[in-house]
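Beneath this line is the structure, given in structure tokens, with notes to follow.
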Amino acid sequence: MIYLQIFLAFFYPGILGYGGGPSTIPLIEHEVVEKYGWMTTTEFSEVLAFGNALPGPIATKMAGFIGYEVGGVFGAIVALFATVGPSLLLMLILLNILYRYRNSPRVKRLSSFVLPAIAILLAEMTFDFFHTSYDATGLIATIVLLVCAYVALEKMKIHPAFVIMGGLVVGGIFL
């Protein structure tokens, strides 16, 4: 019964929380604190603070931690699945529909509108990362890392995962 409660406690916020993690936090708090009483408000705020300190989506980090606290390892798995399940299922259904009608002029037109928007969002994210790096390390270190990453990716054809790991190592050692 506890696993069903864990599933429902994270499934409802996953369905109702439009916009991802920040919008689901009050819904998760309602389920965890008020409905099931697994935590106090203070404990929940500590979990929220801890989750914000770690990289990645906040809703999945909170689901994993709370699910583990309430139901052990299987509880964490259930909570994580309930959190990502609605989005995953909807994405699979929508991708199936898009794939089925991929040759349709309307779908091609939709793609022609969406792809530039994605490119702009990625460019904005790149500029944000550059600005953050500049603020943290300075202009010279940022340019050196940028040039090294470019050479590694484009000229030496090193896999992006290794370039990212190299950047993490350099940041950990020198910065």
**Report entry** Shared hydrophobic cluster, V163 / M156 (ILVMFWY, side-chain heavy atoms < 4.5 Å)
**Finding:** yes
Report task. Taking the side chain as every heavy atom from C-beta outward, state whether T41 and E29 have any atom pair closer than 4.5 Å. Result -> yes
Requested in this report: Would you mind listing the cluster partners of L90? Hydrophobic ones only (ILVMFWY), side-chain contacts under 4.5 Å, chaining allowed.
Outcome: L94
Please tabulate, for the side chains in residues 140-149, all donor-acceptor contacts under 3.5 angstrom to protein atoms that are two or more places apart in sequence or on a different chain.
from, atom 1, to, atom 2, distance (Å)
T142, OG1, S133, O, 3.3
T142, OG1, S133, OG, 2.9
T142, OG1, Y134, N, 3.4
T142, OG1, T137, OG1, 3.1
T142, OG1, G138, O, 2.7

Query - Side chains of N96 and L92 in contact at under 4.5 Å (non-hydrogen atoms) - result: no
**Report entry** Closest approach of G51 to I58 (non-hydrogen atoms, all atoms of both residues)
**Finding:** C-CD1, 3.4 Å
Query raised in the report: Should K61 and F50 count as side-chain neighbours, where that means a heavy-atom distance under 4.5 Å?
Result: no
Query raised in the report: What's the spacing between L88 CG and F81 CZ if we round to 0.5 Å?
Result: 7.0 Å
Report summary line: For F65, the side chain to side chain contact (heavy atoms under 4.5 Å, CB included) test, sequence neighbours excluded, returns M39, V47, E69
Requested in this report: Return the set of residues passing side chain to side chain contact (heavy atoms under 4.5 Å, CB included) with F162 (not counting sequence neighbours), or none when no residue passes.
Outcome: I158, H159, M165
Query - hydrophobic_cluster_shared for I25 and I15, side chain cutoff 4.5 Å - result: yes
Query raised in the report: If you draw a 6.0 Å radius around CZ in F44, do more than 12 non-hydrogen atoms from other residues or ligands fall strictly inside?
Result: yes
**Report entry** Spacing of L98 atom CG and L110 atom CG [to the nearest 0.5 Å]
**Finding:** 6.5 Å
Query raised in the report: Is the number of heavy atoms from other residues, nucleotides or ligands under 6.0 Å of Y36 OH greater than 12?
Result: yes
Query raised in the report: Which residues pass the side chain to side chain contact (heavy atoms under 4.5 Å, CB included) test with T60, sequence neighbours left out?
Result: P57, L80, T83, V84
Query - Test side chain to side chain contact (heavy atoms under 4.5 Å, CB included) applied to Y101 and R106, step by step - result: CA-CA 9 Å; Y101 296 105; R106 289 182 179 167; over 6 Å; no
Donor-acceptor contacts under 3.5 Å from residues 113-131 side chains, at least two apart:
from, atom 1, to, atom 2, distance (Å)
T126, OG1, L122, O, 2.9
H131, NE2, D135, OD2, 3.2

Query raised in the report: Going only through I, L, V, M, F, W and Y residues with side-chain contacts under 4.5 Å, is there a path from M62 to I2?
Result: yes
Query raised in the report: Does the side chain of L27 come within less than 4.5 Å of Y12's, by heavy atoms?
Result: no
Report summary line: By side-chain hydrogen bond (donor to acceptor under 3.5 Å, both in side chains), E34 pairs with (sequence neighbours left out) H30
Requested in this report: Using side-chain hydrogen bond (donor to acceptor under 3.5 Å, both in side chains) as the criterion, list what pairs up with N103, not counting sequence neighbours.
Outcome: none
Query raised in the report: Applying salt bridge (Lys or Arg N to Asp or Glu O under 4.0 Å), which residue pairs with at least one partner in residues 35-50 are found, sequence neighbours left out?
Result: E31-K35
Query raised in the report: Could you walk me through whether L4 and L8 pass the side chain to side chain contact (heavy atoms under 4.5 Å, CB included) check?
Result: CA-CA 6 Å; L4 178 61; L8 293 175; 4.2 Å; yes
Query raised in the report: Mind checking what makes side chain to side chain contact (heavy atoms under 4.5 Å, CB included) contact with R102, not counting sequence neighbours?
Result: Y99
Query raised in the report: Who passes ring pair (Phe, Tyr, Trp, His ring centres under 6.0 Å) against F74, sequence neighbours left out?
Result: Y3
Query raised in the report: Partners of F11 by ring pair (Phe, Tyr, Trp, His ring centres under 6.0 Å), sequence neighbours excluded?
Result: F7
Report summary line: Rounding to 0.5 Å, atoms CD1 (I164) and CG (L168) come to a distance of 7.5 Å
**Report entry** Taking every non-hydrogen atom, the tightest pair across P13 and T24
**Finding:** O-CG2, 3.3 Å
Query raised in the report: Do you know which two heavy atoms are closest between A63 and A79, and how far apart they sit?
Result: O-CB, 3.2 Å
Query - Minimum-distance pair of heavy atoms, taken over all atoms of A76 and G64 - result: CB-O, 3.5 Å
Query raised in the report: Would you say the side chain of V78 lies within less than 4.5 Å of the side chain of F10, judging by non-hydrogen atoms?
Result: no
Query raised in the report: Do I28 and L48 belong together in a cluster built from hydrophobic side chains that touch within less than 4.5 Å?
Result: yes
Query raised in the report: Rounded to the nearest 0.5 Å, what separation is found between the CD1 atom of I6 and the CH2 atom of W38?
Result: 5.0 Å
